[in-house]
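Let me begin by presenting the structure, written as structure tokens, before commenting on it.
These numbers come from the heavy atoms of this one structure, side chains and all, not from hydrogens, waters or symmetry mates.
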2 protein chains.
Amino acid sequence: MNALDITEVARRSGVPASTLRFYEEKGLIASVGRRGLRRLFDADVLERLALIAMGRAAGFSLEEIARMFAPDGRPRIDRRMLSAKAEQLDKTIRELSAMRDGLRHAAACPAASHMECPTFRRLLRGAASGATGARSRKRLPPR
Amino acid sequence: MNALDITEVARRSGVPASTLRFYEEKGLIASVGRRGLRRLFDADVLERLALIAMGRAAGFSLEEIARMFAPDGRPRIDRRMLSAKAEQLDKTIRELSAMRDGLRHAAACPAASHMECPTFRRLLRGAASGATGARSRKRLPPR
DNA sequence: TCTTGACCTCAAGTCGACTTGAACTGGCAC
DNA sequence: GTGCCAGTTCAAGTCGACTTGAGGTCAAGA
């Protein structure tokens, strides 16, 4: 049989056992049975976990990812959803690029105080208007 | 006098009053006094808020931002810190770009199931190895 | 003077994605 | 047969950045 122990799944996927239980509870993955108390997973859970990891990396929430699987468990990926997320990523990328360039400039800028550097002030205005305008929530990967 | 009411600061900066109080508590901004119970802020708090917004947009935590101000309140921006953050942003940007391209491909891909699309599978392996290898925590801006 | 209501404080709640802790169980080696 | 210990459950805790709620105060307008 190719049923995998939770520890084995954790080892092969790099996803902690606690997270696997959590994902199961959320309906993101399913165990195929038990040996005593112990969960057994089919080997294809690894592919599923990869799919989940990809979704997370692309910025999908677990909620959204869960919705990408049909009740039968097969992936049901909505192409429009993918395009939309791609657009969103693109926007984020553009913003981050501007920010990166600004940071680089500020890091190299010879002005005594950053406040006297025109580039820095321009960046600042951009950020301020970002905060000011719409109720935009922004978050970036920590560390 | 150019002292601003908290509501005025909120209006001009787009930052909710509750957040202003929270930032004050965290030492990110300071009020210059009170009129009765009401906080009064100096107009330069607006610039400070812009600085904070920029820091947030660049992915700095409030902690880190707080450390960017000297005890006297003047910005004390560490150029190496800026470069480091720029590098980090650059890495994020590269990852997101790959993800975006992958999503676009998947959205346009004619394969019946995404699992049969080589590009999609490649993306998947990338994401899986990301999750697998180091304990990398990833998060992207929601909505 | 009295009322109003915006602002105040402090504690607690929220959100997402997990992790941690306490108490328990059961297959397997001895 | 029995003890070990990796696995199990369920509740609660964590983290960051705020928001919300209850109950209180006070400057200003009628």
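At a threshold of 4.0 angstrom between heavy atoms, the contacts of A:R21 include nucleobase atoms, whether or not backbone atoms are also involved.
As a whole-Å value, the separation of B:E25 CD from D:dC18 C1' is 11 Å. Summarising the geometry, the separation between CD1 on B:I6 and C1' on C:dG5 is reported as 16 Å, rounded to the nearest angstrom. The CD1-P distance, from A:I52 to C:dG16, rounds to 17 Å in whole Å. One interatomic measurement links the two molecules: CZ of A:R39 to P of C:dT25, which rounds to 16 Å at whole-angstrom precision. As rounded to whole Å, 10 Å separates atom P of D:dT8 from atom CG of A:L20. Rounded to an integer number of Å, the gap from A:Y23 OH to C:dG16 P is 14 Å. In this structure, B:I29 places its CD1 atom 13 Å from C1' of D:dC18, rounding to the nearest Å. The distance between atom CG of B:L40 and atom C1' of D:dA27, rounded to the nearest whole Å, is 12 Å.
Residue B:S18 has a polar side-chain atom (N or O) positioned under 4.0 Å from OP1 or OP2 of D:dT19. Within the structure, a side-chain polar atom (N or O) of A:R34 is placed less than 4.0 Å from OP1 or OP2 of D:dT9. Between D:dC26 and B:R38, no contact under 4.0 Å exists linking OP1 or OP2 to a side-chain N or O. Using a 4.0 Å cut-off, some side-chain N or O of A:R56 falls inside it from OP1 or OP2 of C:dA17. Side-chain N/O atoms of B:T19 include none lying less than 4.0 angstrom from OP1 or OP2 on D:dC18.
Between the side chain of B:R35 and the base of D:dA27, no donor-acceptor pair of N or O atoms lies under 3.5 Å.
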- Task: I would like to know whether A:E87 and A:K91 meet salt bridge (Lys or Arg N to Asp or Glu O under 4.0 Å); could you show each step before the answer?
- Result: CA-CA 6 Å; A:E87 278 319 292; A:K91 186 160 168 284; over 6 Å; no

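Residue B:L37 places its side chain closer to D:dT25 than to any other of D:dT25, C:dC18, D:dT8.
Here the closest heavy-atom approach between residue B:A57 and residue A:L96 is recorded as O-CD2, 4.3 Å. When all heavy atoms of B:L82 and B:F60 are compared, the pair lying nearest together is CD2-CZ, 4.4 Å.
Both the sub-6.0 Å distance and the 45° axial angle are not jointly satisfied by A:R48 relative to the ring of A:Y23.
In this structure, A:I65 and A:R56 have side chains that are in contact, with non-hydrogen atoms separated by less than 4.5 Å.
Checking B:G36 against B:E63, the closest nucleotide of DNA chain D that is more toward the 5' end is the one next to B:E63.
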